[in-house]
Amino acid sequence: GTATESQDRSQWIDSPQYQNLDRHVTAMKSAFADRYYIELINNNLPGQAALMPDLIHYARHFDLPLVGSCDAHYLNPEDEDAHSIAIGIKNELKLSDMKDRRKSARFHLFDNEEMNQVFSAVPEALANTLKIADSVDFNFKFGDYALPKFPLPSGETAATLLVQSA
């Protein structure tokens with residue numbers, strides 16, 4: 001970094017915003033120990049790219065691990081148009097209103113190669129993504145519903161009430 005960047009950061013450390021952030025990070029590290037991460041998200045959006053260097057800097061400043069992720073709104077890249085149409089319908093947009101949408105944004109489920117590509121500058125973020133995934137014990141069984149327990153009207157089951165409410 002340049003001397004100006006160092007000055008800006010040293011002045012920021014004396015600011016109320018830094019003090020609030022420091023208190024927050026301290027509380028989160030206390031609550032979550034080694035499970036508190038700074039998340040880097042990369043769906044090829046300009047705002048995400050602009051924020052990434054700062055997130056990496058402050059993760060290192062506060063001695064926090066990085067984790068890499070990408071928002072996934074649909075499974076395959078070729079599903080983008082169908083997703084865009086659904087968003088357009090939801091937001092009552094005409095096709096002409098949608099022509100300027102960001103074509104560079106990618107919201108499909110990234111495969112390993114894509115994740116390695118977008119996080120090549122921070123391989124520890126992907127290593128931590130794998131570490132988190134490996135720590136999760138999740139068994140999904142199709143056809144089983146995990147609904148919260150709550151009082152049901154007499155003669156109703158959770159399934160019938162759900163169908164009526166839909």
Answer whether the closest heavy-atom distance between the side chains of Arg106 and Cys70 falls below 4.5 Å.
no
In this structure, would Tyr18 and Val25 fall into the same cluster of hydrophobic residues linked by side-chain contacts under 4.5 Å?
yes
State yes or no: do Leu64 and Leu21 share one hydrophobic cluster built from I, L, V, M, F, W and Y residues joined by side-chain heavy-atom distances below 4.5 Å, directly or via other members?
yes
Return the set of residues passing side chain to side chain donor-acceptor pair (under 3.5 Å) with Ser69 (not counting sequence neighbours), or none when no residue passes.
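Listed in chain order: Glu39.
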Which residues pass the side chain to side chain donor-acceptor pair (under 3.5 Å) test with Arg60, not counting sequence neighbours?
Glu124
Output the rest of the hydrophobic cluster of Ile132: all Ile, Leu, Val, Met, Phe, Trp and Tyr residues reachable through side-chain heavy-atom contacts under 4.5 Å, sorted by chain and number.
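ILVMFWY cluster around Ile132 also holds Tyr37, Val67.
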Please indicate whether Glu78 has more than 12 foreign heavy atoms, meaning atoms of other residues, nucleotides or ligands, lying under 6.0 Å from its CD.
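Above 12, so yes.
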Among residues two or more places apart or on two chains, list those pairs meeting ring pair (Phe, Tyr, Trp, His ring centres under 6.0 Å) that have a residue in residues 109-129.
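Those involving residues 109-129 are His108-Phe110.
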Which pairs would a plain distance check flag for residues 26-34, meaning a side-chain donor or acceptor within less than 3.5 Å of a matching protein atom at least two apart in sequence or in another chain?
{"from": "Thr26", "atom 1": "OG1", "to": "Asp22", "atom 2": "O", "distance (Å)": "2.8"}
{"from": "Lys29", "atom 1": "NZ", "to": "Phe62", "atom 2": "O", "distance (Å)": "2.8"}

Report yes or no: does Asn43 contribute a side-chain atom to a donor-acceptor pair with the main-chain N or O of Leu45 at less than 3.5 Å?
no
Is there a donor-acceptor pair closer than 3.5 Å between any side-chain N or O of Asn128 and the backbone N or O of Leu66?
yes
Residues in side chain to side chain contact (heavy atoms under 4.5 Å, CB included) contact with [X], at least two apart in sequence or another chain:
{"X": "Asn91", "answer": "Ile87, Leu93"}
{"X": "Leu75", "answer": "Asp79, Leu109"}
{"X": "Leu55", "answer": "Ile38, Leu40, Leu51"}

If you look only at pairs with a residue in residues 155-166, which of them pass as a side-chain hydrogen bond (donor to acceptor under 3.5 Å, both in side chains), with sequence neighbours excluded?
Glu156-Thr160, Glu156-Gln164, Thr157-Thr160
Just to verify, what does Glu114 make a salt bridge (Lys or Arg N to Asp or Glu O under 4.0 Å) with, not counting sequence neighbours?
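Once residues adjacent in sequence are excluded, Glu114 has no partner under the salt bridge (Lys or Arg N to Asp or Glu O under 4.0 Å) criterion.
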From Glu80 CD over to Asn76 CG, what is the distance, rounded to the nearest 0.5 angstrom?
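Reported to 0.5 Å precision, the distance equals 12.0 Å.
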Please give me the minimum heavy-atom distance between His73 and Asp71, naming the atom from each residue.
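His73 and Asp71 have their closest heavy atoms at NE2-CB, 3.9 Å.
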Using every non-hydrogen atom in the two residues, find where Ser120 and Pro123 come nearest and quote the distance to one decimal.
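Reported closest heavy-atom pair: O-CD, 3.6 Å.
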Please list, chain by chain and in numerical order, all residues satisfying ring pair (Phe, Tyr, Trp, His ring centres under 6.0 Å) with Tyr74, sequence neighbours excluded.
His83
Sequence neighbours excluded, which residues qualify as ring pair (Phe, Tyr, Trp, His ring centres under 6.0 Å) partners of Phe140?
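Listed in chain order: Phe142.
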